[in-house]
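Notes follow once the structure below has been shown.
Proteins come first, then strands; the chains are lettered A, B, ... in the order of their sequence lines, and each starts at number 1.
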Amino acid sequence: MRGLRLARTLLQEILRGRRRRPLPRLHARRYDKGRARHGTGKGKGGEDMKEQLRACILKGIEGCFADGTLTSGVFPAISVEKPAHAEHGDFATNVAMQMAKQERKAPRAVAEVLVKKLAEASDLIESVEIAGPGFINFFIKDAAWRKILSDIDRAGDQYGKSRVGAGKKVQVEFVSANPTGPLHIGHGRGAATGDAVASLLCAAGFNVQREYYINDAGNQMNTLGLSGLLRYKELLGEKIDFPENCYQGDYIKDIARDAITKHGDRFLNTPQEEGVAFFAKMGGDLILKGIDQDLQDFGIRFDNWFSEQSLFDEGKVPTAIAEMQEKGHIYEQDGALWFKTTEFGDDKDRVVVRSNGVTTYFASDIAYHRDKFARGFDWVIDVWGADHHGYVPRLKSVVQGLGRKADDLGIILVQLVSLLRDGQPVAMSTRSGEFVTLKEVVDEVGCDAARFFFLMRRSDSQLDFDLELAKRQSNDNPVYYVQYAHARIRSIFETAKERGVAPCFDNVRLELLQTADDMSLIKKLSLYPEILEGAAVNFEPHRITYYLQDLAGEFHSFYNKSRVITPEEPELTQARLFLLHCVAITLKNALTVLGISAPERM
RNA sequence: GCGCCUGUAGCUCAGUUGGAUAGAGCAACGGCCUUCUAAGCCGUAGGUCAGAGGUUCGAACCCUCUCAGGCGUGCCA
């Protein structure tokens with residue numbers, strides 16, 4: 001019933017006015033890089049340089065130990081970072097500061113001995129400096145930077161992908177809204193996030209499956225059936241006092257109308273249970289079909305739709321409970337069965353089977369997650385509405401009860417969306433109890449804009465979604481800003497073609513790329529692989545939207561200063577075309593991983 | 001009450017997992033189209049990173065406390 005709760009809270013939000021503070025961030029595990037080794041990757045950009053520098057520094061320290069200029073014999077962890085300011089070089093290391101204590105020398109003194117050993121190294125380094133409290137700053141040769149362009153060209157749509165995932169099986173379960181009503185805007189954010197995380201993990205070398213969990217068992221289906229039956233009777237002329245706890249939306253009337261067309265008035269005279277059962281089934285099927293359609297229109301397809309009811313039909317709920325009982329995680333008290341979640345740090349134990357014999361939703365979740373792992377997934381990720389954060393310890397307990405590590409389950413909490421129009425909250429039609437649906441939003445602003453907006457913020461930070469802004473065709477609108485960069489590049493290639501300049505990248509004279517704008521564009525491109533990997537293992541697609549805006553900005557700036565097609569300099573033209581070809585590849589790869597198109601023309 | 005969490009520019013948010021002078025977009029102000037898409041670019045201004053201690057070479061980030069705010073806390077789903 002996750003979806004409904006999300007919806008209710010959304011309504012509360014809207015009635016109460018905008019929420020001030022974002023919901024808590026707890027949950028998502030950080031991926032332990034130690035679990036998987038770096039593969040060779042495909043076009044590693046700046047990562048490759050960092051590794052070379054690390055090796056070089058290591059050799060330098062070894063040299064110092066060998067000739068006695070450094071004496072401790074203790075190797076620090078060698079970290080190489082990109083400094084915040086360009087004056088501090090392309091990369092920097094803090095090893096001298098880390099070694100200072102053990103060497104009993106000032107950090108800068110350590111740096112000085114070390115730098116002497118580094119000077120002789122590598123065709124990568126232009127110069128080395130000691131700066132600030134003891135940083136060693138590296139300036140990379142332009143030629144080395146330019147070589148990255150060839151890597152990007154060679155990798156093409158593979159540029160940025162890595163193999164940290166090492167083919168491990170991961171399942172991402174998301175949306176999972178009840179089949180009791182259409183998807184609303186809150187589900188949209190969960191959908192965009194889940195889908196993007198799945199794509200990111202795929203790009204990071206995991207073997208990913210997307211799954212939708214259908215809550216088709218339990219009370220809400222009866223409520224749906226009853227709602228349908230009552231509307232049906234109402235439409236056939238009976239006087240009905242429609243209960244408040246039934247589903248109020250107009251889509252229920254559509255279902256009732258549909259039933260009348262197909263089955264006439266036969267449910268007027270059948271027993272209530274039969275009618276309820278019929279409308280539960282029929283309504284559920286119809287709504288689920290609509291959900292699937294809305295998701296497809298949003299560019300999302302699931303590999304698997306998993307029915308909660310099937311857990312019961314196949315006896316998996318009792319089996320799971322029995323297993324947990326055997327392992328001593330479940331006990332009986334007051335006529336009910338309890339899971340000992342406190343054993344794993346939860347506040348209190350949780351009921352699995354009520355004293356009336358009916359299982360709780362939690363029981364289904366135990367069976368469901370047991371089943372996920374039984375299907376061979378190394379890593380299981382749930383995407384939830386953030387109002388479910390209280391359930392995290394419970395599910396983590398289950399996973400541990402199953403004999404897995406708590407971190408084998410990753411939970412992404414997605415915060416609520418406030419819908420705005422020109423800065424003003426969008427009023428919901430409280431009369432019908434309906435929310436703005438995902439379909440309405442996608443129809444109005446388009447799939448690309450909707451996706452980008454949903455992914456623009458960290459998922460656990462609350463999101464303002466302004467419909468007018470999302471539609472606006474100006475630089476206020478980040479979606480168009482980014483897509484425009486791609487279209488502009490394609491347009492330059494069109495112009496080149498019209499002017500009889502055929503791009504030829506076989507023997508590009510990269511050394512002609514010399515301006516500050518050429519170089520900073522190249523350096524920005526080199527960042528993509530590590531941004532992608534970081535976004536993947538941290539479940540943070542927003543890092544990609546920020547990177548895209550950054551890269552697009554770099555390109556637009558380049559565009560305004562640098563002429564690409566210059567008839568009098570055909571070789572420079574080719575070099576710049578090659579550069580932009582690589583920018584287009586990177587823009588497109590990053591957009592694609594978020595499920596957003598890279599238009600040829602705008 | 002207890003538990004989890006949040007506080008960064010007027011607004012909306014980033015901040016590379018502890019690095020150097022805290023960034024971006026809006027909003028405000030001033031410039032740039034006879035030249036490949038102005039859906040664009042350049043510049044100016046804006047800060048006690050809620051507050052106070054602590055840890056260390058170094059803190060927006062880690063620890064403690066205070067203040068403010070949010071969410072959770074069913075034999076519901």
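Regarding contacts with the backbone of B/C36, every side-chain N or O of A/Thr495 stays at 4.0 angstrom or more from both OP1 and OP2. Phosphate contact (OP1/OP2 of B/G19, side-chain N/O of A/Ser79, threshold under 4.0 Å): absent. Contact annotation: A/Ser557 does not reach the phosphate of B/G40 (side-chain N/O to OP1 or OP2, under 4.0 Å). In this model, the phosphate group of B/G15 is approached by a side-chain N or O of A/His542 to a distance below 4.0 Å at OP1 or OP2. Within the structure, a side-chain polar atom (N or O) of A/Tyr391 is placed less than 4.0 Å from OP1 or OP2 of B/U73. Under 4.0 angstrom from either OP1 or OP2 of B/U6 there lies no side-chain N or O belonging to A/Arg458. The side chain of A/Lys471 places no N or O atom within less than 4.0 Å of a non-bridging phosphate oxygen (OP1 or OP2) of B/A39. The side chain of A/Arg354 contributes an N or O atom lying less than 4.0 Å from OP1 or OP2 of B/C76.
In terms of polar N and O atoms assigned as donor or acceptor, the side chain of A/Arg488 never comes within less than 3.5 Å of the base of B/U37 in a complementary pairing. A donor and an acceptor atom never sit less than 3.5 Å apart when one is taken from the side chain of A/Tyr559 and the other from the base of B/U37. Judged by distance alone, with hydrogens and angles left aside, A/Asn94 brings no side-chain donor or acceptor close enough to the base of B/A20 to form a pair under 3.5 Å.
Within 4.0 Å (heavy atoms only), A/Ala496 reaches no atom of the nucleic acid at all. Using a 4.0 Å heavy-atom cutoff across all strands shown, A/Asn137 reaches at least one base atom of the nucleic acid. Within the 4.0 angstrom heavy-atom criterion, no nucleotide atom of any strand lies near A/Thr545. Using a 4.0 Å heavy-atom cutoff across all strands shown, A/Ala336 reaches at least one base atom of the nucleic acid. Contacts of A/Ala485 with the nucleic acid, taken as non-hydrogen atoms under 4.0 Å apart, are absent. Within 4.0 Å of A/His556, counting heavy atoms only, lie sugar-phosphate atoms of the nucleic acid but no base atom. If you check every strand for non-hydrogen atoms under 4.0 Å, A/Asp334 touches a base. Here A/Lys101 lies in heavy-atom contact (under 4.0 Å) with sugar-phosphate atoms only. Counting non-hydrogen atoms under 4.0 angstrom, A/Ala92 reaches a base of the nucleic acid.
Of all nucleotides listed (B/C57, B/G40, B/A77), B/G40 comes nearest to the side chain of A/Asn560. Nearest nucleotide to the A/Pro133 side chain, out of B/C41, B/U35, B/G19: B/G19. Of all nucleotides listed (B/G40, B/C57, B/A77), B/A77 comes nearest to the side chain of A/Tyr361. Of the candidate nucleotides B/C13, B/A77, B/A20, B/A77 has the atom lying nearest to any side-chain atom of A/Thr360. Nearest nucleotide to the side chain of A/Asp387, out of B/A20, B/G72, B/A38: B/G72. Proximity note for A/Met97 (side chain, C-beta onward) versus B/A77, B/G19, B/A14: the nearest is B/G19. Out of B/A77, B/C75, B/C13, the shortest distance to the side chain of A/Arg457 is found at B/C13. Closest contact between the side chain of A/Tyr480 and the listed nucleotides B/A77, B/A39, B/G74 involves B/A39. The side chain of A/Asp464 has B/U12 as its nearest neighbour among B/C76, B/C41, B/U12. Here B/U21 is the nucleotide among B/U21, B/A39, B/A77 with the atom lying nearest to any side-chain atom of A/His85.
Look at B/A39: it lacks any Watson-Crick or wobble partner with both distances under 3.5 angstrom. Under the Watson-Crick and G-U wobble criteria, each requiring two contacts below 3.5 Å, nucleotide B/C11 is paired to B/G25. Across all strands shown, B/C75 remains unpaired; no Watson-Crick or G-U wobble contact has both distances below 3.5 Å. For B/G19, the paired nucleotide is B/C57, the pair qualifying as Watson-Crick or G-U wobble because both relevant distances are below 3.5 Å. Pair check for B/U6 finds B/A68; Watson-Crick or G-U wobble, both atom distances under 3.5 Å.
Side-chain contact of A/Gln483 with A/Asp448: a donor-acceptor pair under 3.5 Å is present, judged by distance alone.
Nucleotide B/U6 holds its P atom 12 Å from the CG atom of A/Leu413, rounded to whole Å. Remark: C1' of B/G15 and CD of A/Glu81 are 13 Å apart, rounded to the nearest angstrom. When the C1' atom of B/C4 is taken as reference, atom CD1 of A/Ile411 falls 13 Å away, rounded to whole Å. When the P atom of B/U73 is taken as reference, atom CG of A/Asp349 falls 17 Å away, rounded to whole Å. The CZ atom of A/Phe539 sits 16 Å away from the C1' atom of B/U17 (whole-angstrom rounding). Straight-line distance from the CZ atom of A/Arg394 to the C1' atom of B/A77: 11 Å, rounded to whole Å. B/A38 atom C1' lies 16 Å from atom CG of A/Asn477, rounded to whole Å.
Between the side-chain ring of A/Phe135 and the base of B/A20, a stacking contact exists by the 5.5 Å and 30° definition. With centres under 5.5 Å and a plane angle under 30° as the test, the ring of A/His389 is not stacked against the base of B/G72.
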side-chain hydrogen bond (donor to acceptor under 3.5 Å, both in side chains), that's the test. Do A/His389 and A/Asp460 meet it? Break it down for me. CA-CA 11 Å; A/His389 78 261; A/Asp460 50 6; over 6 Å; no

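In summary, A/Lys396 and A/Asp346 do not engage in a salt bridge, as defined by a charged side-chain N under 4.0 Å from a carboxylate O.
Taking the ring centre of A/Phe454 as origin, the terminal cationic atom of A/Arg451 falls outside the region bounded by 6.0 Å and 45° from the ring axis.
Classified by its glycosidic torsion, B/U17 falls in the syn category, the angle being within 90° of 0.
Using a 4.5 Å cut-off on side-chain heavy atoms (C-beta onward), A/Phe453 and A/Leu467 make no contact.
Checked by atom type and distance alone, the side chain of A/Glu308 never pairs as donor or acceptor with a backbone atom of A/Tyr213 at under 3.5 Å.
Between A/Tyr546 and A/His542, the ring planes are perpendicular. Angles over 60° get that label, and only those under 30° would be called parallel. Using bins of under 30°, 30° to 60° and over 60° for the plane-to-plane angle, the ring pair A/Phe493/A/Phe505 lands in the perpendicular bin.
You'll find the ring centres of A/His88 and A/Phe135 outside the 6.0 Å limit.
Atom name P, nucleotides B/U37 and B/C62: the rounded distance is 48 Å, in whole Å.
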